[in-house]
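What follows is a set of notes on a single structure, which appears directly below.
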Amino acid sequence: MRLNGEISSGEEEEEVVVVEKSEAGTTPFLGQNVVVGYALTAKKKKSFLQPNFIALARSKGIYFVAIDLSKPLQEQGPFDVVLHKLLGEEWREIIEDFRQKHPDVIVLDAPDAIQHLHNRQSMLQDVVDLNLSECNGKVGIPRQLVITKEKDPSTIPYEVTKAGLKLPLVAKPLVVDGSAKSHELFLAYDEFSLSELEPPLVLQEFVNHGGLLFKIYIVGESIKVVRRFSLPNISKHELSKVSGVYRFPRVSCAAASADDADLDPSIAEHPPRPLLERLAKELRHRLGLRLFNVDMIREYGTKDVFYVIDINYFPGYGKMPDYEHTFTDFLLSLVQNKYKKKLTA
Ligand SMILES: Nc1ncnc2c1ncn2[C@@H]1O[C@H](COP(=O)(O)OP(=O)(O)OP(=O)(O)O)[C@@H](O)[C@H]1O
Ligand SMILES: O=P(O)(O)O[C@H]1[C@H](O)[C@H](O)[C@H](OP(=O)(O)O)[C@@H](OP(=O)(O)O)[C@@H]1O
Ligand SMILES: [Mg+2]
Ligand SMILES: [Mg+2]
């Protein structure tokens with residue numbers, strides 16, 4: 001059978017190789033290859049579709065095909081799986097329409113579920129609703145306040161006092177749309193300087209956590225935790241001496257992992273596995289997503305009080321150790337499960 005569209009190695013932007021399905025490498029199950037259509041930004045494609053991953057996947061019969069955005073999606077494929085992370089309402093409608101018309105294709109993930117993570121208030125709501133008792137720890141979110149677009153920035157100090165938020169605060173753009181601006185964060189040492197910032201914002205209490213953050217990567221049922229450097233503790237003394245709002249860089253997004261650093265074990269010890277498993281399972285379920293990561297911090301001075309501060313859809317998996325194997329296994333299991341279901345139906 002001839003496939004419509006290109007089979008791209010992902011290494012060269014313009015490469016177009018059309019293969020016969022029957023010729024396309026080893027057969028992972030039932031003599032079928034797996035065709036994964038992808039619609040990713042150039043940056044994401046570069047970080048995710050690395051040559052090692054493409055080669056490993058290909059050896060298992062998984063082929064990545066670039067979706068051509070200048071052509072109707074309906075005319076492309078056939079795909080077994082569609083992977084996507086693109087911005088904008090237009091794409092959202094295209095992929096939702098495709099999902100409706102092709103229930104057989106596994107779309108990672110549903111656009112409405114992804115949209116839920118594009119707002120820093122709704123993204124954490126499911127964590128608030130969780131009740132993770134008897135899991136060797138507690139998981140919550142920092143106290144936070146939403147400042148809507150309509151709010152006059154001069155009223156922010158009053159709103160902060162009224163809500164009883166404790167300084168310092170982290171000010172984050174409310175909407176996360178993938179733009180660099182949506183990752184421009186500020187530390188506020190006093191409430192008055194917050195009037196300089198432009199709503200809509202989320203103002204979140206800063207939680208001391210010893211300068212270390214846990215990134216919990218979820219790929220279907222798999223969970224991988226990496227440690228990253230984060231913002232250092234802010235002492236009461238520092239708080240009493242400093243005022244103003246300060247922009248800070250994307251500290252924890254750096255590829256450098258803190259896993260090999262010589263760290264205080266009370267700060268660096270991983271969150272308990274049962275807690276992570278429950279958290280991941282619940283969030284997968286409640287969010288309706290299979291590809292995301294969770295930024296989690298341990299409150300400084302505690303053993304088991306954790307806060308989720310951020311959840312990202314289709315994060316930088318290229319930075320996750322051994323992501324090539326994790327993803328290859330995940331893609332195969334998705335398709336195998338689909339066929340098993342078909343056979344037993
Ligand atoms: N409430 C908080 N208390 C302490 N530190 C925080 C808090 N919120 C954010 N940080 C620090 O700021 C960093 C960036 O915050 P956050 O993860 O919310 O932003 P982001 O732009 O969504 O990041 P990402 O690149 O992971 O998408 C965190 O990784 C952490 O180091
Ligand atoms: O360190 P991670 O894997 O968390 O870095 C991610 C980041 O958390 C966000 O998911 C970014 O996506 P956007 O929110 O859309 O900006 C990722 O950027 P991307 O360009 O790779 O999608 C970061 O890698
Ligand atoms: Mg983050
Ligand atoms: Mg984020």
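Keep in mind the model is a prediction, meaning the values are calculated, not measured.
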Nearest atoms (heavy-atom pairs only) where E196 meets V245
OE1-CG2, 3.5 Å
Describe, in one word, how the ring planes of F206 and H209 are oriented to each other, choosing from parallel (under 30°), tilted (30 to 60°) and perpendicular (over 60°).
tilted
V170 and side chain to side chain contact (heavy atoms under 4.5 Å, CB included): which partner among V207, L203, L187?
L187
So CZ of F248 and CG of L185: to nearest 0.5 Å the spacing works out to 4.5 Å
L117 and V176: side chain to side chain contact (heavy atoms under 4.5 Å, CB included), yes or no, with the steps?
CA-CA 8 Å; L117 298 188; V176 192; over 6 Å; no
Set out, in order, the CA-CA distance, both residues' side-chain angles and the distance that settles side-chain hydrogen bond (donor to acceptor under 3.5 Å, both in side chains) for D97 and Q74, then state yes or no.
CA-CA 9 Å; D97 181 55; Q74 311 290 350; 3.1 Å; yes
Is there a side-chain hydrogen bond (donor to acceptor under 3.5 Å, both in side chains) between Q204 and K172 once you walk through the steps?
CA-CA 8 Å; Q204 204 175 70; K172 310 183 183 189; 2.8 Å; yes
Should R273 and E277 count as an ion pair when the cut-off is N to O under 4.0 Å?
yes
Any chance you could lay out the side chain to side chain contact (heavy atoms under 4.5 Å, CB included) test for L283 and I218, step after step, and finish with the verdict?
CA-CA 10 Å; L283 287 182; I218 318 282; over 6 Å; no
Should the heavy atoms of other residues, nucleotides or ligands under 6.0 Å from CD of E90 be counted, would the total exceed 12?
no
Check the surroundings of atom CZ in F330: do more than 12 heavy atoms from other residues, nucleotides or ligands lie under 6.0 Å from it?
yes
Taking every non-hydrogen atom, the tightest pair across H84 and L108:
CD2-O, 3.0 Å
To the nearest 0.5 Å, how far apart are NZ in K303 and CD in E269?
4.0 Å
Nearest heavy-atom approach of L239 to L167 is CD2-O, 3.5 Å
Evaluate the ring planes of F48 and F64, with Trp represented by its six-membered ring, and classify them as parallel (under 30°), tilted (30 to 60°) or perpendicular (over 60°).
perpendicular
NE2 (H270) with more than 12 external heavy atoms under 6.0 Å
yes
What is the distance from atom CG of L124 to atom CG of D129, rounded to the nearest 0.5 Å?
11.0 Å
At their closest point, which heavy atom of T326 faces which heavy atom of S222, and how far apart are they?
CG2-OG, 3.3 Å
Do other residues, nucleotides or ligands put more than 12 heavy atoms under 6.0 Å from E198 CD?
no
Between F314 and Y317, how do the two ring planes meet: parallel, tilted or perpendicular, split at 30° and 60°?
tilted
Check the pair D295, R228 against salt bridge (Lys or Arg N to Asp or Glu O under 4.0 Å), reporting the backbone distance first and the verdict last.
CA-CA 10 Å; D295 288 354; R228 296 265 179 86; over 6 Å; no
Tell me the closest heavy-atom pair linking F79 and V105, and the distance in Å.
O-CG2, 3.4 Å
For V146 and V202, what are the C-alpha separation, side-chain angles and deciding distance, and is it a side chain to side chain contact (heavy atoms under 4.5 Å, CB included)?
CA-CA 5 Å; V146 175; V202 167; 4.3 Å; yes
Evaluate side-chain hydrogen bond (donor to acceptor under 3.5 Å, both in side chains) for Y63 paired with N33, printing each intermediate quantity in order.
CA-CA 8 Å; Y63 288 81; N33 289 310; 5.2 Å; no
Could you walk me through whether E184 and K181 pass the side chain to side chain contact (heavy atoms under 4.5 Å, CB included) check?
CA-CA 5 Å; E184 271 183 15; K181 204 162 169 49; 3.6 Å; yes
Just do the side-chain hydrogen bond (donor to acceptor under 3.5 Å, both in side chains) check on S193 and D190 with the steps written out, would you?
CA-CA 6 Å; S193 308; D190 70 275; 2.7 Å; yes
Same cluster for V305 and L132 if Ile/Leu/Val/Met/Phe/Trp/Tyr side chains link at under 4.5 Å?
no
How far apart are the closest heavy atoms of E205 and G164, and which atoms are they?
OE2-O, 4.1 Å
Check whether the side chains of Q100 and E96 place a donor and an acceptor atom closer than 3.5 Å, and report yes or no.
yes
